[in-house]
Amino acid sequence: MAAKREMKRILVTGAVGQIGSELTLALRDRYGADNVVATGRKTAPSEELKNSGPFYFIDVTDRASIEEVVSKHDIDTVVHMAAILSAVGEKNPTLAWDVNMNGLYNVLECARDHDMARVIVPSSIAVFGPETPRDNTPNETVLKPKTMYGVTKVAGELLADYYFHRFGVDVRGLRYPGIISHETLPGGGTTDYAVAIYYEAVKNRRYACFVREDTRLPMMYMPDCIKATIDLAEADLTKLKHHSDFNVGSMSFTAGELAASITKQIPEFECSYEPDFRQEIADSWPSSIDDTPAREEWGWSPDYDLDKMTTDMLENLTRKHKQGKI
Ligand code: AKB
């Protein structure tokens, strides 16, 4: 088995995205600003991201562009956040396959060539499908997703585990639920309504939700997402039985319960429901997650529940709104 090695110089792909933007700053705090290289494809980075450490534009489907930055900064770890999410993936399955599969393959090959210490590759609850048990979905279960995003995430988990067992590349990954945050908007997922609802509640006191009121999905607040990702990255390899496919649960609520949590703090808030093509995707995913292996193998335990998250989201977004930033 590969021995765990220290992460010293980290490259983050997808660093301008919803999770990448906050994860990069958290990693810079922990590992030193110059040791965490942020990369994105075409969206301009925020001033904070650009000014707090190195930033490059790369295209994960072009291996040479990854290689250049890896060699220049002597990178020993890649946190591979670049991906096309479920809703955009259904509109453009070819793009989803190209970015999610060829991008991952390039990152893994690069890690193998450079004998890297670690690769972190997120997976998603999108690996599950309608044949999977919906409640308290176990880690080991039926993986027959119906979206291209889900197909690439299942294949990605298998590919990552292959690189671990075949080539000794220490690849780790967790199945993110919907991630809720107030810094960077998500880009093209099915769970995006759970973020948009907060922005609209603060700005306009109303929101037309694109899934039904009774749609229940697993969700997680960004601080827990960052904690889970870094804890898994730093976990003792000898304790891990799983590698690329950890379920991570946090909270589960319906769109109606989410709206009610906001109404407790903004009584005039009104939510209506106008399901679109994303409803079918949401209906194919679990309603709650059993994350026993993550808890047992690396001590996972979330800090936020729905109301605690709502308080923090509304506080932060209200401040940004008053500053004219949203
Ligand atoms: C999406 O909705 O596509 C993502 C995910 C659950 O992976 N947020």
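Source: prediction; values computed, not measured. Whatever order the structure lists ligands and atoms in, that order sets their numbers, starting from 1. Below, all heavy atoms of this structure are taken into account, side chains as well, without hydrogens, waters or symmetry copies.
Contact residues for ligand 1 (protein heavy atom closer than 4.0 angstrom to any ligand atom): Leu85, Ser86, Ser124, Ile125, Tyr149, Gly189, Thr190, Thr191, Trp285.
Placement of Tyr176 and Leu217 in two distinct hydrophobic clusters is found when ILVMFWY residues are connected by side-chain heavy-atom separations under 4.5 Å, directly or transitively.
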Determine all donor-acceptor pairs shorter than 3.5 Å in which one atom belongs to a side chain in residues 143-151; sequence neighbours excluded.
unit_1, atom_1, unit_2, atom_2, d
Lys146, NZ, Glu131, OE1, 3.2
Lys146, NZ, Lys144, O, 3.2
Thr147, OG1, Gly150, N, 2.9

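Glu157 CD to Leu104 CG: the interatomic distance, rounded to the nearest 0.5 Å, is 10.5 Å.
For Tyr56, the ring-ring contact (aromatic ring centres under 6.0 Å, His included) partners at least two apart in sequence or on another chain are His73. Checked against side chain to side chain donor-acceptor pair (under 3.5 Å), Ser261 has the following partners two or more places apart in sequence or in another chain: Asp307, Thr310.
Counting only heavy atoms from C-beta outward, the side chains of Val37 and Lys72 never approach each other to under 4.5 Å.
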